[in-house]
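Because only heavy atoms are used, hydrogens play no part in the values below, and waters and symmetry mates are left out as well, while side chains stay in. In this text, all values refer to a predicted model and were calculated from it rather than measured experimentally. All residue numbers refer to positions in the sequence shown, counting from 1.
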Amino acid sequence: MEIQYTATAHASGGGRNGHVHSDDDRFNLETRTPKEMGGSGEGTNPEQLFGMGYATCFLGSLHRSGKGLGLNTADAEISSSVGIGAVASGGFGLAVELVIYAPNVPADRFDELIEATDQTCAYSNATRGNIAVTLTRVV
């Protein structure tokens, strides 16, 4: 793989109860454990950041794939839900649901578009076989 861009982020403090920022300072956030996991929930958390990245990446790939397939992906949107929980082997695991809204894509071509998108999205490629990912269409 030929690297075209590298993003650098820095975490400090207590991890989930600390601070994270990008090297260009466009993101500069306090991190906090979610209330559901015993924290204050007053900052952002890694699952939110991961969900935003995955949704954005998948949407960009959807537009690229749609163009290649001759489909109109204007007005498409992606919502992500990232769950975290304990796994049987110890530690924690993630599960993701991407809800895909593509109002201009014909129903009979939707699966073709999603398969092409899932094969080209960097986050999909990174997570495939590692975490449960559900792709859901909303109409």
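Asn72 approaches Val105 most closely through the heavy-atom pair O-CG2, 3.6 Å. Between Ala74 and Asn104, the shortest heavy-atom contact is O-ND2, 2.7 Å. Taking both residues in full, the closest heavy atoms of Arg109 and Leu69 are given as NH2-O, 3.2 Å, listed atom of the first, atom of the second, then distance. Residues Pro106 and Leu71 come closest through the heavy atom pair CD-CD2, 4.1 Å. Between Ile100 and Leu62, the shortest heavy-atom distance links the atoms CG2-CD1, 4.0 Å. The heavy-atom pair separating Ala76 from Leu59 by the smallest distance is O-CD1, 3.7 Å.
Atom CD of Glu30 sits in a crowded spot, with more than 12 heavy atoms from other residues, nucleotides or ligands closer than 6.0 Å.
Contact annotation: the side chain of Tyr101 never approaches that of Ser79 to less than 4.5 Å [non-hydrogen atoms, C-beta and beyond]. In this structure, the side chains of Tyr123 and Val133 stay at 4.5 Å or more apart for every pair of heavy atoms. Side-chain atoms of Thr127 and Phe50, non-hydrogen and from C-beta on, do get closer than 4.5 Å to each other. Looking at His10 and Asp23, their side chains come closer than 4.5 Å, going by heavy atoms from C-beta outward. With contacts defined as side-chain heavy-atom distances shorter than 4.5 Å, the pair Tyr54/Val96 qualifies. Taking 4.5 Å as the limit, some side-chain heavy atom of Thr117 sits within range of a side-chain heavy atom of Phe58. Val138 is not listed as a side-chain neighbour of Glu77, based on a closest heavy-atom distance of 4.5 Å or more.
If you chain together hydrophobic residues whose side chains sit under 4.5 Å apart, Val99 and Val139 never meet in one group. Linking Ile, Leu, Val, Met, Phe, Trp and Tyr residues whenever their side-chain heavy atoms come within less than 4.5 Å leaves Ile78 and Met52 in two separate clusters. No single ILVMFWY cluster, assembled from side-chain heavy atoms under 4.5 Å apart, contains both Ile131 and Val87. Residues Leu29 and Met37 do not share a hydrophobic cluster, clusters being chains of Ile/Leu/Val/Met/Phe/Trp/Tyr side chains in contact below 4.5 Å.
Of the possible donor and acceptor atoms, none in the side chain of Asp75 sits under 3.5 Å from a partner among the backbone N and O of Ala102. For Asn130 (side chain) and Ala126 (main-chain N/O), a donor-acceptor pair under 3.5 Å exists by modelled atom type. Side-chain atoms of Thr31 come within 3.5 Å of backbone N or O of Gly18 as a donor-acceptor pair. Not a single donor-acceptor pair under 3.5 Å links the side chain of Thr33 to the backbone N or O of Gly39. A donor-acceptor distance shorter than 3.5 angstrom exists from the side chain of Ser22 to the backbone of Phe27, with no hydrogens or angles considered. Using modelled atom types, no side-chain atom of Asn45 and backbone atom of Arg16 make a donor-acceptor pair closer than 3.5 Å.
Here the straight-line distance linking atom CD of Glu97 with atom OG1 of Thr136 works out to 3.5 Å at 0.5 Å rounding. Interatomic distance, Ser80 OG to Gln48 CD, rounded to the nearest 0.5 Å: 10.0 Å. With values rounded to the nearest 0.5 angstrom, Asn125 atom CG is found 7.5 Å from Thr120 atom OG1.
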Starting from the C-alpha separation in whole Å, work towards a yes-or-no answer on side-chain contact (heavy atoms from CB on, under 4.5 Å) for Thr73 and Lys67. CA-CA 8 Å; Thr73 60; Lys67 183 176 181 180; over 6 Å; no

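Side-chain contact, Ser12 with His19: no donor N or O sits under 3.5 Å from an acceptor N or O.
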